[in-house]
Amino acid sequence: MVEENLLTSAVRGKGRVAIVHHWDADGIASAALVIEEIRRANPDAKTLNRSPTIGRWALDAEEIDLLRGWGTDLLVIVDLAIRDDDLDIILDGLPGVPAVMVDHHRAEVPEHPRLVYHNPVAEGEAETDFPACTWVLRHLLGRGMDLLTVLGVFGDRGRGVEDEPVWSDLGPWLEGSSLTWDDMHLLVDLVDSSAKRVDREDVDNAVGLLLEGWKEPLGLVGLDAWNRANDEVERALVEQLQNGPETEVGSTLVKTIDTPYLVISTAARRLVRTRDNPVVVVVNMGYSGGEVQVYVRRTGELDLAPMIPRMRDRGLSAGGKSEVLGVIVPRSDLEDVMGDILGYLEDPGAPRYDDQ
Ligand SMILES: [Mn+2]
């Protein structure tokens with residue numbers, strides 16, 4: 001007998017499954033994969049997919065109320081490394097509802113009596129073997145390579161993906177697909193364009209568009225609404241990269257932008273690719289009224305992951321991986337937090353200020 005995957009088991013007998021997912025291409029494709037699996041395993045189940053407020057790795061009271069009010073009897077969380085206390089708040093707000101979490105971010109394995117957690121990276125596997133949540137789901141669900149299972153990898157790994165171990169699988173797949181290398185990256189940008197315009201509703205709708213269209217990828221690449229949105233984002237990004245002030249601290253490039261669009265990670269990725277600096281820090285002053293977004297991306301070996309708990313110890317919302325770090329910082333703390341980050345980049349082994 002073929003062993004049943006944990007998602008199929010969890011969805012049995014459930015009528016209303018809510019899927020909470022990251023707002024980027026990996027999270028949107030992961031939600032689509034979960035919904036396809038639910039439709040296969042339990043065709044009677046209704047599904048609802050929601051991204052958190054874009055930029056927040058948590059749900060607020062209103063978002064939790066919505067899931068409870070909808071009658072959620074199973075919660076699936078994908079591609080979101082939610083902090084333990086924020087996860088407790090969500091589960092407390094959905095009394096008796098079981099949850100399944102599938103992820104690939106480096107994290108401590110969360111413990112909760114109603115939670116089934118699947119994250120090979122948290123369980124000790126190499127990040128390079130599980131470079132995206134869609135890739136974790138591919139293994140979990142026993143799917144082959146298809147547009148949905150590879151999309152997250154192209155999204156999370158960007159154009160550097162061809163230098164990574166996973167390329168030995170993806171390269172031949174792309175070769176045999178109807179898409180070119182540029183089409184594939186354009187599709188990632190298109191799927192990401194909703195979150196970059198901070199349009200949560202469009203993020204949620206993107207899951208449906210992918211589900212409907214993924215078997216005809218060229219149709220997706222040509223979708224008018226996505227292309228218009230992406231052009232708008234691209235114009236804003238180029239303008240910020242050209243005009244935003246920048247400084248160098250040691251070998252680190254610090255770039256300041258000021259935009260309501262969520263383009264900080266793309267800005268960092270583009271700067272790291274086009275400049276010689278091994279580390280790029282982008283600061284977006286236009287993130288929200290009282291808060292600034294800080295994003296770090298590095299090439300090379302420096303491990304940024306220790307910065308995540310370090311930022312969270314300050315009470316900040318922070319997430320990332322070994323090569324990226326994202327933090328939301330109150331304006332009044334910016335100088336202090338930047339000092340801490342730049343200090344770590346200069347000497348990762350130095351004792352922290354509060355350790356002294
Ligand atoms: Mn991801």
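First listed ligand is number 1; within each ligand, the first listed atom is number 1. Residue indices begin at 1 and follow the sequence shown. Just so it is clear, the values below take in all heavy atoms, side chains as well, and ignore hydrogens, waters and symmetry mates.
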*When you check the side-chain N and O atoms of E164 and T128, is any donor under 3.5 Å from an acceptor?*
no
*Is D182 salt-bridged to R159, cutoff N-O under 4.0 Å?*
yes
*May I have the angle between D156 OD2 and D79 OD1 with its vertex at the Mn ion (ligand 1), rounded to 10°?*
170°
*asked:* Are more than 12 heavy atoms, taken from residues, nucleotides or ligands other than E162, located less than 6.0 Å from that residue's CD atom?
replied: yes
_Under 2.8 Å: N/O/S of H104 next to the Mn ion (ligand 1)_ = yes
*Is the F154 ring parallel, tilted or perpendicular to the W181 ring (thresholds 30°, 60°)?*
perpendicular
_the Mn ion (ligand 1) - closest N/O/S atom in D26_ = OD2
